[in-house]
Asks: 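Pasting in a structure now, in structure tokens, and then I'll have a few things to ask.
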Amino acid sequence: MGRYGIAQIVKFSDILDGTRIAAGGLADFATGIVSPTIRLGVTGLSRAGKTVFITALVHALLKGGRFPAFEALAQGRITRCYLEPQPDDSLPRFSYEQHLKALSGEDRHWPESTSRISQLRITAEYSPRGLIARNLGSGKLHIDIVDYPGEWLLDLPLMRMSYAEWSAATVAASRVPPRLAHAGEWHRLLASLDPLKPADEHDAIASSEVFTAYLARCRQDDVSLSTLPPGRFLMPGDYKGSPLLAFAPLDIAPDTNLPRGSLGALMERRYQSYVSTIVKPFFFGHFARLDRQIVLVDALTALNAGASAVMDLQTALTQILTCFRQGSNSIFSAMLGRRIDRILFAATKADLLHHTSHDRLENLLKLIVEDAMTRAEYTGAGIDVAALAAIRATREASVRQKGETLECIVGTPLAGEALGTTRFDGNTEAAIFPGDLPGDAAKALDGSLEGSLRFVRFRPPLPKDGAYPHIRLDRAMEFLLGDRFA
Ligand code: GDP
């Protein structure tokens, strides 16, 4: 058995967790009898493109458009789609209308990003493909889209690590580049703390603040690291300011015994509460109930930041795949007949590259995911990889310069974006050559691309004939939903 298999997770869970998922699962089962339901998880690290993807997906289903690879829509078999009240009263609703409004009109801007879990139910009426099925009547499918921060999936390893083990591993990682350059203030604070001295709440709060600032710095675009648990420190959701987050690693050995009443013991207690109160309910209550999953990956920002960011992204995807590994939720699947059976890894914002690089972006992600599958000892659901732009903000043009043809993208860069000495005002169109992705995807991991690519952010486009332009969104829809409209 691998490191994070089912046996460990079940051993850590208490009986309450089991009841909670059984309750959720039985409710799903009951609604599933009335009308088939598919629960589609949409995840990815912050700024990967979850909000934009869901808004574009729902817009496509409600308003139609050019989606040739999504057969049910292209063949006109989806006859009607509408939003319905969501089934889970305890989950916030995904603010589709608000996000669409942000993307509309002269003052359009990208919508506010995902910061917590949310859900939206869209119901589709369709005519089935076969003659016999059609004669039996029209079909109806509820699609429950669940949006949640990918950071939360990176908490899975905490369920089987003690506080001392996690502390030692986190401190050790911060002592090597590229993290070392950003850990100065936290290391100074760590050096001043004695884990064995009597607990002091101020030390716990100060540690957690300085440690969170270190994580946030490692996440910024120029560093762009991905593996930065605990997930709620960067994406607190409803736990912002909660004492459950008032802990941090201490400089201790993995087998340290922390005496009662010490600072270390206080941190250890909070860590354990974090795992039992936040991490486990998320995994058992929400994650274990999904049928399909799309993991959005902003590979371009990682490429911008360099090889260490791409390698750290690979580590994060390995951990994410560990969560999806066959068996991770198989007890619950066996009990309730549910299991994630398809996962799509999608590199987002493909419109920041010329189409000649789209397959290369896909190959790069494939390389990263295949390696992650090997490292996670992954067997399980069907996996596919795609490069897409849920909303395409650019068009293409060939530009001749100094006797050379450059394949450029054209759009309106956001105000404040810069390229070389040019700073954009947010109103002027520009043709930009972002660089070429290499034919050999392995070059993205060996450092030889450093500095050769540069991506800027563009203003969102207006819809054309009522639909947003996209790249390969229809392929993603076909993979994730297509078979359910048979
Ligand atoms: P989230 O944190 O995963 O919810 O990320 P968002 O969906 O909010 O996306 C973060 C940012 O990425 C947006 O504000 C846009 O600037 C950019 N973005 C997302 N999707 C696209 C896309 O399809 N094309 C382009 N050009 N930019 C995108």
Side-chain angles (χ1 to χ4, degrees), residues 12-14 16-17 19-21 23-25 27-28 39-55 85-99 102 111-121 144-159 166 201 204-205 207-213 215-216 219 226 228-248 266-267 269-290 293 295-296 316 319-320 323:
F12 276 93
S13 68
D14 55 33
L16 253 185
D17 288 326
T19 328
R20 203 176 299 129
I21 107 140
D28 294 346
R39 282 178 81 84
L40 170 65
V42 179
T43 197
L45 298 177
S46 67
R47 318 284 302 158
K50 299 179 288 296
T51 310
V52 173
F53 175 84
I54 297 174
T55 307
Q86 58 177 61
D88 295 278
D89 295 335
S90 58
L91 282 183
R93 183 176 180 275
F94 179 84
S95 306
Y96 169 70
E97 296 79 1
Q98 196 182 319
H99 297 321
E112 205 177 304
S113 298
T114 300
S115 61
R116 58 181 183 171
I117 189 165
S118 68
Q119 187 188 47
L120 190 70
R121 167 167 282 193
D144 289 341
I145 302 172
V146 183
D147 173 28
Y148 65 93
E151 282 80 356
W152 298 0
L153 291 179
L154 301 180
D155 276 345
L156 182 73
L158 306 193
M159 288 208 264
W166 170 71
E201 182 71 85
I205 292 172
S207 296
S208 113
E209 284 173 359
V210 176
F211 175 62
T212 306
L215 295 178
R219 185 68 197 136
S226 304
L228 300 164
R232 304 278 173 154
F233 280 43
L234 292 184
M235 279 285 142
D238 298 332
Y239 288 96
K240 201 167 178 177
S242 159
L244 281 168
L245 306 188
F247 70 94
L266 172 67
M267 298 281 207
R269 198 188 74 215
R270 295 251 164 91
Y271 172 86
Q272 287 164 350
S273 302
Y274 176 86
V275 171
S276 61
T277 315
I278 300 181
V279 179
K280 280 197 217 166
F282 166 69
F283 273 98
F284 293 118
H286 299 299
F287 178 74
R289 291 167 57 202
L290 300 174
Q293 177 68 56
V295 181
L296 300 173
Q319 291 188 6
I320 287 175
C323 304

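A quick note: this is a predicted structure, and the numbers were derived from the prediction, not measured.
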Asks: If you apply the rule side-chain contact (heavy atoms from CB on, under 4.5 Å), what do you find for Tyr274 with Arg232, and how did you get there?
Replies: CA-CA 9 Å; Tyr274 176 86; Arg232 304 278 173 154; 3.2 Å; yes

Asks: By side-chain hydrogen bond (donor to acceptor under 3.5 Å, both in side chains), which residues pair with Ser113, not counting sequence neighbours?
Replies: Arg47

Asks: Side chains of Leu158 and Tyr271: does their closest heavy-atom pair fall under 4.5 Å?
Replies: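 Touching, per the 4.5 Å side-chain cut-off.
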
Asks: Parallel, tilted or perpendicular, judged at 30° and 60°: which one describes the rings of Phe287 and Phe282?
Replies: tilted

Asks: Can you tell me how far apart CG (Asp88) and CD (Gln119) are? Round to the nearest 0.5 Å.
Replies: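 Asp88 CG to Gln119 CD: 4.5 Å, rounded to 0.5 Å.
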
Asks: List in chain and number order the residues that pass side-chain hydrogen bond (donor to acceptor under 3.5 Å, both in side chains) with Glu209, two or more places apart in sequence or in another chain; answer none if no residue qualifies.
Replies: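 Glu209 satisfies side-chain hydrogen bond (donor to acceptor under 3.5 Å, both in side chains) with no residue once adjacent residues are dropped.
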
Asks: Taking atom CD1 of Ile145 and atom CZ of Arg39, what is their separation to the nearest 0.5 Å?
Replies: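 Between Ile145 CD1 and Arg39 CZ, I get 11.5 Å after rounding to 0.5 Å.
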
Asks: If we only count heavy atoms from C-beta on, is the Tyr96 to Ile54 side-chain gap below 4.5 Å?
Replies: no

Asks: Please report the closest heavy-atom contact between Met235 and Pro149, naming both atoms and the distance.
Replies: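 Smallest interatomic distance, heavy atoms only, reads CG-CB, 3.9 Å.
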
Asks: CG of Leu45 to CG of Leu153: how many Å apart, nearest 0.5 Å?
Replies: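 Interatomic distance, Leu45 CG to Leu153 CG, rounded to 0.5 Å: 9.0 Å.
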
Asks: With rounding to the nearest 0.5 angstrom, report the NZ to CZ distance, Lys240 to Arg116.
Replies: 12.5 Å

Asks: Check step by step if side-chain contact (heavy atoms from CB on, under 4.5 Å) holds for Val42 and Leu296.
Replies: CA-CA 8 Å; Val42 179; Leu296 300 173; 4.0 Å; yes

Asks: Taking the side chain as everything from C-beta on, heavy atoms only, tell me whether Arg270 gets closer than 4.5 Å to Ser208.
Replies: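 No. Closest side-chain heavy atoms not under 4.5 Å.
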
Asks: Looking at Asp144 and Arg289, is any side-chain nitrogen of the basic one under 4.0 Å from a carboxylate oxygen of the acidic one?
Replies: no

Asks: State, yes or no, whether a side-chain contact exists between Gln86 and Phe94 at a heavy-atom distance under 4.5 Å.
Replies: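 Sidechains of Phe94 and Gln86: no contact.
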
Asks: Can you check whether Leu234 reaches Ser46 side chain to side chain, under 4.5 Å on heavy atoms?
Replies: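 In short, these two side chains do not touch, never coming nearer than 4.5 Å.
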
Asks: What are the two closest non-hydrogen atoms of Gly44 and Glu151, and how far apart are they?
Replies: O-OE1, 4.1 Å

Asks: Without swapping roles, check the side chain of Thr43 against the backbone of Gly150 for a donor-acceptor pair under 3.5 Å.
Replies: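 Checked: pair present.
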
